[in-house]
Asks: 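Okay, here's the structure, questions in a sec.
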There are 2 protein chains.
Amino acid sequence: MSIAEHFPIYNKLTKAEQEMLDQYAVLRKVPQGTLVHGDGSSCIGLLILRSGQFRAYMTSDEGKEITLYRLFDQDICLFSASCIMTSIQFDIMIMAEKDTEFWAIPPYIFKKLSENNVHVANYTNQLMSSRFTEVMWLVEQIMWKSFDKRLAAFLLEECNLEGTDKLQITHEKIAAHLGSAREVVTRMLKHFQTEGMVLLTRGTITIIDRDKLEDLSE
Amino acid sequence: MSIAEHFPIYNKLTKAEQEMLDQYAVLRKVPQGTLVHGDGSSCIGLLILRSGQFRAYMTSDEGKEITLYRLFDQDICLFSASCIMTSIQFDIMIMAEKDTEFWAIPPYIFKKLSENNVHVANYTNQLMSSRFTEVMWLVEQIMWKSFDKRLAAFLLEECNLEGTDKLQITHEKIAAHLGSAREVVTRMLKHFQTEGMVLLTRGTITIIDRDKLEDLSE
């Protein structure tokens, strides 16, 4: 198993660049809960996920959070290499939501590749465009979509990700994903329960009427 | 006067690329109110502003608006060339807020340059990072900053842009910039007037206590 199979434009690199990548890319594993980017010091580089899940989020000065996007198998984490992109002037945090395995291309190696290889530079561009698209989608959601629709969509997405209709997640955590407050989440979930869409029990939210929830989320 | 003086990385192009740019870049003028991008059909290309002002904004299905960022002299308008960037999957509108003069590099020329010249590709990256930074700033504002602070900051920015303390702008228009409703803007402006920060007269908002407004906006 080598980086050659996982770096999508490996065959667009020169022989020397391929050798450099073979030599410096490392396969790493981090346990669930690891902050891989955003503690202010580290710059881990370009990451290619092999298994697991990352969450990219933003925090306010008061410690409030909102989820920007998530990364899964084969996804590439660009902002963990933001130290080499001087025009990126915002901070995001990236945390492993599950035990996660990934290839890491060190920042100076990725920088060298971008500066010299037009395919890598254009690929970086593509990655940034994809993340930009996700953040613009979020802006749309926050601006024009009411909270009940966002919460319904979030619950459905979580069920898909976890492959279950019984979610083990606190109201506090949902609030952090949606950039809201715990009380607001609790109030809306109770409303969903009254409407027969979910069942709330200690520490668990069970989806009981998926169709109704889907109708609401659209 | 030629594109050579205005395209920031002109000297990083090959002789052939420079000649191509000389031949195809055109100097254009559009009157205030022109929609240069986002009517669904046109893809005008990479634009370099020489004078005037562009506003980039988003609209909801119901026609609500929010300003994403603005572009001034020397700024480069990247998303007007979004047709050549397949990973950009969101729509923004770009409108001339003043009579505006700009160099336009046609999309297929810009594409050719990006695909072949690593400096152009990296420059595109830089541009995208800058716009991304502006949008992330906006997300922060919307998520964590209260409306009074955002309105105060907007009034001060407008005054700086227009070089006056008397703003000729409707409450409707302010609402469109901030992604809010006219009534919300009117209510807050009346509150600002009660607090002695502005004076509201027919069609005009006059800043009378800039310091207080600045304190609020921070």
Side-chain angles (χ1 to χ4, degrees), chain A residues 12 56-69 76 78-79 81-82 84-92 111-146 176 178-181, chain B residues 12 56-69 76 78-79 81-82 84-92 111-146 176 178-181:
Chain A
K12 301 258 178 93
Y57 60 103
M58 228 165 102
T59 54
S60 73
D61 295 341
E62 291 90 35
K64 289 189 212 162
E65 295 182 4
I66 184 167
T67 300
L68 297 170
Y69 53 84
I76 309 237
L78 176 65
F79 289 126
S82 64
I84 65 159
M85 299 181 279
T86 50
S87 304
I88 299 271
Q89 304 200 339
F90 53 88
D91 295 319
I92 66 172
K111 188 169 187 224
K112 222 169 180 176
L113 292 176
S114 307
E115 281 174 353
N116 296 303
N117 186 312
V118 72
H119 303 291
V120 176
N122 277 306
Y123 184 64
T124 304
N125 246 313
Q126 238 184 69
L127 288 175
M128 183 131 37
S129 303
S130 303
R131 299 303 162 254
F132 209 147
T133 299
E134 292 178 282
V135 168
M136 289 297 282
W137 181 88
L138 180 68
V139 174
E140 257 180 6
Q141 296 286 311
I142 303 170
M143 288 305 302
W144 325 125
K145 236 180 165 178
S146 54
L178 299 176
S180 182
Chain B
K12 300 257 178 94
Y57 60 104
M58 229 166 103
T59 55
S60 74
D61 295 340
E62 291 89 37
K64 289 188 212 162
E65 296 183 3
I66 184 167
T67 299
L68 297 169
Y69 54 83
I76 308 234
L78 177 65
F79 289 125
S82 64
I84 64 159
M85 297 181 278
T86 51
S87 304
I88 298 270
Q89 304 199 341
F90 53 88
D91 294 318
I92 65 171
K111 188 168 187 227
K112 222 170 180 173
L113 292 175
S114 306
E115 282 173 353
N116 297 303
N117 186 312
V118 71
H119 303 292
V120 176
N122 277 305
Y123 184 64
T124 304
N125 243 311
Q126 236 184 73
L127 288 174
M128 184 132 34
S129 304
S130 302
R131 299 301 162 256
F132 209 147
T133 300
E134 291 178 283
V135 168
M136 289 295 283
W137 181 88
L138 179 69
V139 174
E140 258 179 6
Q141 296 286 311
I142 302 169
M143 288 304 303
W144 325 125
K145 235 179 164 180
S146 56
L178 299 176
S180 182

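Protein chains get the first letters and strands the later ones, always in sequence-line order, with residue 1 at the start of each.
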Asks: Would you name the heavy atoms of B:Asn122 and A:Ala121 that are closest together and state the gap between them?
Replies: OD1-CB, 3.9 Å

Asks: Chain A: which of B:Met85, B:Glu65, B:His119 shares the most heavy-atom pairs with it under 4.5 Å?
Replies: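 Option with the greatest count: B:Glu65.
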
Asks: Between B:Ser87 and A:Thr133, what is the shortest heavy-atom contact and its length?
Replies: O-OG1, 3.1 Å

Asks: Shorter than 4.5 Å, heavy atoms on both sides: which option in A:Asn117, A:Ile88, A:Ile92, A:Leu138 has the most such pairs with chain B?
Replies: A:Ile88

Asks: Return the OG1 to CD distance between A:Thr59 and B:Glu140, rounded to the nearest 0.5 Å.
Replies: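 CD of B:Glu140 is found 8.5 Å from OG1 of A:Thr59.
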
Asks: What part of B:Met58 gets within 4.5 angstrom of chain A, counting heavy atoms only: side chain, backbone, both, or neither?
Replies: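 Looking at B:Met58, backbone and side chain both touch chain A.
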
Asks: Identify which of A:Glu115, A:Gln89, A:Met128 forms the greatest number of heavy-atom pairs closer than 4.5 Å to chain B.
Replies: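 Looking at each of A:Glu115, A:Gln89, A:Met128 in turn, A:Met128 comes out on top.
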
Asks: Under 4.5 Å, counting heavy-atom pairs only, tell me which of B:Gly179, B:Ser82, B:Ser129 racks up the most with chain A.
Replies: B:Ser129

Asks: To the nearest 0.5 Å, tell me how far A:Asp91 CG sits from B:Met136 CE.
Replies: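 If I round to the nearest 0.5 Å, the distance is 9.0 Å.
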
Asks: Are A:Val139 and B:Val139 packed together at the side-chain level, in the sense that at least one heavy-atom pair is separated by less than 4.5 angstrom?
Replies: yes

Asks: With a 4.5 Å limit on heavy-atom distance, are the side chains of A:Phe132 and B:Val135 in contact?
Replies: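 When only atoms from C-beta onward are counted, B:Val135 and A:Phe132 do touch, with a gap below 4.5 Å.
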
Asks: Between B:Leu78 and chain A, with a heavy-atom cut-off of 4.5 Å, which part of the residue counts as in contact: side chain, backbone, both or neither?
Replies: neither

Asks: Which bit of A:Ile66 comes within less than 4.5 Å of chain B, counting heavy atoms only: side chain, backbone, both or neither?
Replies: both

Asks: What part of B:Tyr123 gets closer than 4.5 Å to chain A, counting heavy atoms only: side chain, backbone, both or neither?
Replies: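 Interface part for B:Tyr123: neither.
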
Asks: With a 4.5 angstrom heavy-atom cut-off, which part of B:Leu127 approaches chain A: side chain, backbone, both or neither?
Replies: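 Neither; nothing under 4.5 Å.
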
Asks: Tell me, side chain or backbone of A:Asn116 under 4.5 Å from chain B's heavy atoms, or both, or neither?
Replies: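 Interface part for A:Asn116: backbone (N, CA, C, O).
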
